[in-house]
Structure formats: C-alpha cells, structure tokens
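Chain letters run A, B, ... following the sequence lines, proteins first, then strands; residues in each count from 1.
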Amino acid sequence: MLQIYNTLTRKKEVFKPIHEGEVRMYVCGMTVYDLCHIGHARVLVSFDVVTRYLRAKGYKVTYVRNITDVDDKIIKRANENGETFTALTERMIAEMHKDSGELGVLPPDAEPKATAYIAEMQDMISTLIEKGYAYAPGNGDVYYRVHKFDGYGKLSGKILEELQAGARIGVDEMKEDPLDFVLWKGAKEGEPYWESPWGNGRPGWHIECSAMGKCCLGETFDIHGGGPDLKFPHHENEIAQSEAANGKTFVNTWMHAGAVRVDNEKMSKSLGNFFTIREVLEKYPAEVVRYFLISSQYRSPINYSEDSLKEAGVRLERLYTALEGLNLDGVEPERGTSYEERFHAAMEDDFNTPEALGVLFELVRHLNKARKDGEANAAALGALVKELGGLLGILQDNPDAFLKSGGDVDEAWILEMIEKRKAAKAAKDFAEADRVREELAAQGVQLKDTREGTTWQIER
RNA sequence: GGCGAGUUAGCAAAGCGGUUAUGCAGUGGACUGCAACUCCAUAUAGACCGGUUCGACUCCGGUACUCGCCUCCA
C-alpha cells in the first residue's frame, strides 16, 4: 500500500489515483536561462524515482515536466549575451537534456514549453476576469485578486493578514492589493511580446503551470511536484488560478523535494553558492551523483560536500563489486526473499530510498556469501540486486565498466603489469610483485586477486 | 515577527514503545606470500528538562539550537 506525504495535508496518505491504474503527474521544471545546478538535479532525480516506482507498481504514468522559456531572467540574460531569448532558451534546454540524461533521468512523457501555450493561458486569464478573480487596470498588466479566493494559503500555511505586512507594490504596477500577483505582464520597449486583449505582453510565471497542467493532464490530476521553494508563492498561486478558473480541485497530492545545501545553507542562485550539474559531473561519475541524491529521503535536506560524494562513490562501488563477474543474462531474479519484500515496503513508505538502500546492502552481503556456494544462486540474487537497483535508476551499468571507470590509465599497460606481477609471484619474488602492485596503485589502479586470476579497478 | 521542518553513534542516514538499521571510517579475526575484495566479530547513539508507561531514541509538554518559507529561486 503506497503512502505519499502530501504537502497540502501535511501527512502521509494512502495514494489513490483518480483513474484506477493511472497516475497523472506534473512537476515544475526549469527556467532555462542558465545551466542546471544540483538543486535541480535533486528534483529531477527524486521525481524520476517516483515515476520509475509507480510504473514498477503497474501504474500507467503520464509524467509532465514543463519548461519555462520566457520570463524576466531569460530576457535579461539574453540581452546581456546579445542574443535572442529563443537562442538562449534553446541552448539551455539542450544542456538540461544532456545533464538529466547523464543522471539517468528518464525523459518525461511531455515537456510543454510556456511559449507554446500562450493562447491557453490567455483563455484562462479571460475566464478569471469573467469570474471576478482577475482584473486589468489598463496599464497592460492583468492581476489576480488574491482576497477573492477563499482557499488562498492552504498549501503553504500562510495567513493573508500576515502576508500583507511585508507585501509591496512595484512602481509600475496598478494592483488593488499588494498581495495580488501578475497573470499577464505588459511588454516594455524591446521586450518579447504576444498580442492579447489587454495589450502586447507576456504571461506571468504562475499561469503557465495552471494552463499547461490543465491542457496536458486535465482540470484535476493526481500529483504535482517541485522544489521546496516553489511551495510559496508559485504553487499557492497555481491553486488559486486553477481552482478559481475551473471550479474544481486542482491537485490531490502535492509533493515537494527537500533543499540541497552547501555548508548548511540552501544552495540557490540568489546566494550564488550553487554547483552546476556540469561541474560536479567533471569530478564524479554521474551514477555516483545520482546515488548521493537518493541516499537520503527525498523530503529531507541534503548537504552537498566532497565527502558525501566520495562516500556515495565508495558505497556504490560495494554494490557493483557484488555484481562483478556474475553473468546475469536471462537469469530470473530470486523470488520470495525478505529483501525484496522489505525493499518494496520501504519504497511504499513515501519512497524511502535510504531504507531501501539499506535493504539492498543486506541483500548484497547475502549475495557475497552465496558466491562461495556456486554461481547459480549468486546470479539469481545478483539479478534481484539489479532489478531493485533499477527501480532507483542505479546499478544498470556493466559492473566491470563501472569499477574500471574514472581513471586515465592505459589498460594494456595494466594487463602487462599484472602479467609481470604474476611472473614475479611464480618465482616467489614477492618484493618485485609488491613493487609492481605499488606502481599500479600510484596510478590509482587497485588489484584484486581472485580464484580466477587477478582483476583490477580504479580506486575511489 | 508569522508559519513549517529538524536535532540519532567519528561521519552520513533510516526504522521502531521492549529484540542488529544500513554504509563509510575504527578495532579484533578469517582468507591472502603480503595486500585488496569478501566474510565473521566488536566498540561508539538518540540536544536538554519534565511527563505518560512495567518499559521511550520512538508518545506528550517545555527549553535550547539549526534550517527553510514569508522577495526571484528546484
């Protein structure tokens, strides 16, 4: 029985999709004006695990992850670069796809861009105006009348009166109330624009998700996810827009990933303390980065550090080492073990990946012991390790390839050295054998003697 | 100030009202020519103060501290 923590109700709930056997999920994606950082990676990987697991449970999942391809930051950056905003966004979308692919994130079923849904957004804005939830004061902007919507604050736990205190109205704005937010933004000189009943302009940020969610998944859908900082105001505003316009519950289950921190502070663009996925991938294998991201529960904050990445590498290495040399082709996974059962129990408890990994390590110890009793049972256990790892998006690489990766050493030379050591050992010249091993170790190559001979890997 | 989350062994990170989380690191041992891998054993926990209970890391209350949101941010 799958349970998911719902931000809206602040508790774990038994998950029950609207249509039996189907899950419709929308996750807020990227604003494409720069490279993705590790915080983005966490959202990508967390919801990738959710998708993989739901599919493994037999649900037909429709996963939509939008792209914000027009907004103030994009326009600003494009101007700084002296390029059109579309040139910038196209480039960044390609970079994002590259990064997410490296991290083993499966592509979503749909990836709608804001600029492709301008008409739908305008329709929704018109509806909101008709119903009295929005107004166009005549300066080219359209605003949402926050006080008109009863449920405002229900997701983030905000109280209107308290929000009021800090709210301000910008100089060019004509809001009735400081809390009102923009649905349509009149274009200034030189800015990209679309024609509209309220003048040339572009959509506000929040309306795109309301419009695209409706178009891609319907007026009410099962899961809406995103990063921790989107809870307010973004998701709160989405609820206000969609529920006012459609007159229906927007989303049943709201899921938010935890923040990625650096030195115990949130990693964010505004603090400037972020690491891009790109730069982290230069130092660590992508699967290690992914392992790091799933090594704590998706809602917990996670601290980015060299140490934690290093440890993720060592841990993943242990898992791969267990699979090393096993021929899993066509091998049916061992069924009926408590490991499999406990792994699923962990995942069904709000996608508890650290606990699931704990079970995987116990299974691996069992497998390592089973190897001594012959290949057959070990392979079946290995197939189970690989199957369960697949639900997390790890352990699908060739173990040998993983263990040998990350070094910059000529394999022919290594094999030559191994032969040299073998000869020295045969001649009982252990000093020479050790010298050869140390020479390899100096290059990061670690030798492992097995019954079948000597293998090697790159030391982490 | 308002709202929310958290504080677990050297480090990371889970579950659980009574019985080993798990991984890394440490210690002892097996294996090995010696190592590595692997296996076995083992020490080190539950911020603080109260309460409930036969029994609390786990439930309740309070205190301290940390973090997040309240402004663009995944």
Tell me what [X] touches on the nucleic acid: a base, only sugar-phosphate, or nothing, going by heavy atoms under 4.0 Å.
X        : answer
A/Lys425 : base
A/Asp449 : base
A/Val260 : base

Please tell me which of the listed nucleotides, [options], lies nearest to the side chain of [X]?
X        : options                : answer
A/Arg421 : B/rA35, B/rC67, B/rA13 : B/rA35
A/Phe361 : B/rU22, B/rA74, B/rC40 : B/rU22
A/Arg437 : B/rA14, B/rG68, B/rG33 : B/rG33
A/Ser270 : B/rG2, B/rC73, B/rG33  : B/rC73
A/Phe232 : B/rA35, B/rC69, B/rC67 : B/rC69
A/Thr31  : B/rC70, B/rC24, B/rA74 : B/rA74
A/Pro228 : B/rA14, B/rA74, B/rA36 : B/rA74
A/Asp229 : B/rG33, B/rC73, B/rA12 : B/rC73
A/Glu311 : B/rC73, B/rA14, B/rC24 : B/rC24
A/Lys266 : B/rG23, B/rA35, B/rG68 : B/rG68

Would you say [X] has more than 12 foreign heavy atoms packed within less than 6.0 Å of its [atom1]?
X        : atom1 : result
A/Tyr193 : OH    : no
A/Lys154 : NZ    : yes
A/Asp263 : CG    : no
A/Lys269 : NZ    : yes
A/Asp408 : CG    : no

Rounding to the closest angstrom, what is the interatomic distance between [N] and [M] at atom [atom1]?
N      : M      : atom1 : result
B/rU42 : B/rU22 : P     : 12 Å
B/rA9  : B/rG4  : P     : 27 Å
B/rU19 : B/rC24 : P     : 25 Å
B/rG46 : B/rA21 : C1'   : 14 Å
B/rG15 : B/rG28 : P     : 34 Å
B/rA25 : B/rC16 : P     : 28 Å
B/rU44 : B/rU8  : C1'   : 12 Å
B/rG6  : B/rU27 : P     : 36 Å

Subject >> N/O donor-acceptor pair under 3.5 Å between A/Glu236 side chain and A/Ser156 backbone >> reply: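 Present.
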Original post:
With distance as the sole test, does A/Lys185 use its side chain to make a donor-acceptor pair with the main-chain N or O of A/Asp141 at under 3.5 Å?
Top reply: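 No, A/Lys185 side chain to A/Asp141 backbone: no donor-acceptor pair under 3.5 Å.
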**OP:** Start with the C-alpha gap between A/Leu293 and A/Ile38, add the side-chain angles, then the distance that decides, and say whether side chain to side chain contact (heavy atoms under 4.5 Å, CB included) holds.
**Re:** CA-CA 9 Å; A/Leu293 293 170; A/Ile38 295 297; 4.2 Å; yes
Original post:
Between A/His234 and A/His206, how do the two ring planes meet: parallel, tilted or perpendicular, split at 30° and 60°?
Top reply: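 A/His234 vs A/His206 ring planes: tilted.
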Original post:
Should A/Ser300 be listed as having a side-chain N or O under 4.0 Å from OP1 or OP2 of B/rA14?
Top reply: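 Yes, A/Ser300 has a side-chain N/O under 4.0 Å of OP1/OP2 on B/rA14.
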**OP:** Return one dot-bracket line describing RNA chain B 5' to 3' (Watson-Crick or G-U wobble pairs, both distances under 3.5 Å; ( ) same strand, [ ] crossing, | another strand, . none).
**Re:** (((((((..(((.....[...))).(((((.......)))))....(((((..]....))))))))))))....
Original post:
Near RNA chain B, under 4.0 Å by heavy atom, which residues of residues 101-113 of chain A?
Top reply: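 Within residues 101-113 of chain A, no residue comes under 4.0 Å of RNA chain B.
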**OP:** Measure distances between side-chain N and O atoms of A/Arg365 and base N and O atoms of B/rC39, and say whether any donor-acceptor pair falls under 3.5 Å.
**Re:**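 Side chain to base: no pair present.
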Original post:
Can a donor-acceptor pair under 3.5 Å be found between the side-chain atoms of A/Thr321 and the base atoms of B/rC37?
Top reply: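 No, the side chain and the base share no sub-3.5 Å donor-acceptor pair.
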Original post:
Of A/His206 and A/Glu355, whose closest RNA chain B nucleotide lies nearer the 5' terminus?
Top reply: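 That would be A/Glu355.
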Original post:
Is it true that A/Lys76 and A/Glu80 have a side-chain N and a carboxylate O under 4.0 angstrom from each other?
Top reply: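 A salt bridge is present here (some side-chain N lies under 4.0 Å from a carboxylate O).
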Original post:
What is the distance from NZ of A/Lys310 to C1' of B/rG23, rounded to the nearest Å?
Top reply: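 Checked: the NZ to C1' distance equals 17 Å.
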**OP:** Determine, using ring centers only, whether A/Phe275 and A/His37 are less than 6.0 Å apart.
**Re:**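 Not close enough - the centres of the two rings lie 6.0 Å or further apart.
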